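Written below as structure tokens is the structure these notes are about.
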Amino acid sequence: MAEQPAGRTVADLMSRPVVTASGAETIAVVGTRMTDAHVGSVVVIEGDRPAGILTERDLVRIAAAGADPTIARVAEWMTVDPDTVASTVTAQQAFENLSSHHYRHIPVVDDGHLVGIVSMRDLMKVSQILPVEKMAVEVPPGLEGVVVADTTIGEVRGDEGFYHYRQYDAVELNEQRSFEDCWFLLYEGELPDRAQQAEWLAKIAPLRVIPSDVKEFLPHIAKATGAHFRPLDAMRTAYAAIVSGWPSWLDTDRDELIRQAMVTCAVLPSMLMALYRLNEGQQPVDPDPELSYAANYLYMLTGERPSDEDAWGLERYLISTIDHGFNASTFTSRVITSTGSDLGGAVLGAMGALSGPLHGGAPSRALDMIDEVGTRENADTWIRNSIESGSKLMGFGHRVYKTDDPRSVLLRKVAAKLGGPNFELAEYIEGRAVALLHELKPGRKLYTNVEFYGGLVMERVGLPRTMFTPTFTCSRAVGWTTNIIEQASDNRLIRPKAKYIGPPPPQPVPTLD
Ligand code: ACO
């Protein structure tokens, strides 16, 4: 049973002396100090003032990011200006004020001086709430840095600015291989030789054709969404028709699961383009089996064979976004698969996760930003105002990359090669955005992500902005389906838990008069 508060204050519960550090010390030194002192956090002080806090969670984040603890400094990873509590406050009050913030350790400060540290667990123990169950493991908000599965598909190394697909540097692959080769690599675990390439293309070509019963249904979908037409929503609806009836993967053999995965990746672009054209009052263009994935993608949009340069540019974007660790949509696909759902259900859920502006919905917004900025002269004021008002600059920042996103470096080169009216302005805005993020959000390590130049490349090869996120969806479908197959090969239900932080139960149920 929980202990009653009985007027106990923070002073009664806090620990002292506090283990402290300076921002200039290395993570290795301070980590050792925490271990030696058996504490879960250190308070970073400037004079007697707590300027930051570094916790076990930060150590997990640092390890997950692959940062070298002998070089990384405390100031780069600590939480700046942490919330504090006065020693005279009651434990109940402190718990109620701070429980929604998800902190685990709170410095205790009286008259500007650090006098102790108190843990949320201690506050919770004496507050009117049951303590956390013994087995519960608390993890950082947003699961930052938490490893939740083993994979052989690929990896993202945030501090190095490196990612790979099954051991091959993804940027090098992109420079040398086709989208179809990378797709083969993900599914088969190795790159195809010439004979395998030909066989693979022959397998894919017929799967691009939209089944006739679904094709008949497409005009209704395009019409139903009418003025509110969003190609991604329309594609999702049509895909739901394709997968209708697919059984749980628990009742499906591996060959059938791979066939469903291939159908998914092959047919999505055909349905997307057909729906887009229907909404524009044009007839769909059937896929051309002679064309590569990327060239056929643009062909089905316009009805004309694209230039080699456009197909090349699009293919670079598509390869760069095939897979990328446990991003939100991939994780979603694995969570859904873990329940034994069918492959189609997992892909549909992943599409929903990808569509949000914080994930795959960003590239068109990044271009909107370039348009809004308009000129070099406006850049600083616009960007500064945006950051200061609390908005996120679209196309910047990343959960894992704390240095240049290699995809953005690659796509910057592709965009430069393709040229186009807004490349120079975009490059200027990028430079100013990174500089101002550095100035206004120090220590957050915010750089350009894939979406900024991704948007530029897609626009330059002729894709309308409403088609950016759907295009990302088509390429990422290869990554999702690979993850679904991997999850199915070694499955355990993914079922974490939430920490209840509302008012203490049980609340008597009121009787109705
Ligand atoms: N513009 C301004 N500030 C930013 C940005 C940004 N783009 N990104 C992060 N920050 C700031 C936050 O405001 C926060 O500041 P604070 O410490 O003062 O509160 C700090 O940096 C940490 O940001 P979080 O949102 O906690 O970082 P998180 O890892 O949760 O989010 C994300 C990563 C969602 C990508 C974020 O950087 C963002 O919203 N970027 C803009 C949207 C975008 O481009 N998304 C595409 C990502 S790539 C992809 O999914 C394929």
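This is a predicted model, so every value here is computed, not measured. Both counts, for ligands and for their atoms, begin at 1 and track the order of listing. Values below: all heavy atoms of this structure, side chains included; hydrogens, waters and symmetry mates excluded.
- Remark: ligand 1 and R407 share no N or O pair separated by less than 3.5 Å (distance only, no angle test).
- Ring centroids of Y447 and F396 are separated by 6.0 Å or more, keeping the two rings apart.
- The backbone of P357, and not its side chain, has at least one atom closer than 4.0 Å to an atom of ligand 1 (non-hydrogen atoms only; backbone = N, CA, C, O).
- With ligand atoms numbered from 1 in the order given, ligand 1 contributes 46 (C), 51 (C) to contacts under 4.0 Å with heavy atoms of E451.
- Residue R444 touches ligand 1 through its side chain alone, judged by heavy-atom distances below 4.0 Å.
- Annotation for ligand 1: atoms under 4.0 Å from non-hydrogen atoms of V450 are 51 (C).
- At least one test fails for R157 against the ring of F162: distance under 6.0 Å to the centre or angle within 45° of the axis.
- Relative to the six-membered ring of W312, K417 meets both conditions, a distance below 6.0 Å and an angle of at most 45° to the axis.
- Checking R476 against N327 by side-chain atom types alone, a donor-acceptor pair falls below 3.5 Å.
- Donor-acceptor pairing under 3.5 Å is lacking for the side chains of S338 and Q487.
- The nearest protein heavy atom to atom 23 (O) of ligand 1 is not closer than 4.0 Å.
- When L358, N449, D405 are checked for heavy-atom proximity to atom 34 (C) of ligand 1, L358 turns out nearest.
- Checked by atom type, the side-chain pair T337/W249 shows no donor-acceptor distance below 3.5 Å.
- Within the 4.5 Å cutoff, the side chain of H398 has no heavy atoms near those of the E451 side chain.
- At a 4.0 Å cut-off, at least one heavy atom of L446 sits close enough to ligand 1 to count as contact.
- Note that atom 26 (O) of ligand 1 has no protein non-hydrogen atoms nearby, at separations under 4.0 angstrom.
- For the pair D310 and R460, the salt-bridge criterion is met [side-chain N within less than 4.0 Å of a carboxylate O].
- Close approach of ligand 1 to S391 is summarised as follows: ligand atoms under 4.0 Å from at least one heavy atom of the residue are 2 (C).
- Interface atoms of ligand 1 facing M394, defined by a heavy-atom separation under 4.0 Å, are 42 (C), 44 (O).
- Looking at ligand 1, you won't find any N or O of F472 less than 3.5 Å from one of its N or O atoms.
- Atoms of ligand 1 lying under 4.0 Å from any heavy atom of A362, numbered from 1 in the order shown and given with element: 43 (C), 44 (O), 45 (N), 46 (C).
- Set against the non-hydrogen atoms of L393, the atoms of ligand 1 under 4.0 Å away are 1 (N), 2 (C), 6 (C), 7 (N), 41 (C).
- Side-chain atoms of E315 and Y297 include no donor-acceptor pair closer than 3.5 Å.
- Below 4.0 Å from some heavy atom of H398 lie the following atoms of ligand 1, by number and element: 37 (O), 48 (S).
- Note: F472 and H359 have perpendicular aromatic rings, judged against thresholds of 30 and 60 degrees for the angle between ring planes.
- Using modelled atom types and a 3.5 Å distance limit, the side chains of T330 and H324 yield no donor-acceptor pair.
- Annotation: G395 places an N or O atom under 3.5 Å from an N or O atom of ligand 1; distance criterion only.
- For ligand 1 and L437, the ligand atoms under 4.0 Å from any heavy atom of the residue are 1 (N), 2 (C), 3 (N).
- Within a 4.0 Å radius of atom 32 (C) of ligand 1, the protein contributes no non-hydrogen atoms.
- In this structure, R208 and Y293 have side chains that are in contact, with non-hydrogen atoms separated by less than 4.5 Å.
- Of all the heavy atoms of E144, none lies under 4.0 Å from any atom of ligand 1, so neither backbone nor side chain is involved.
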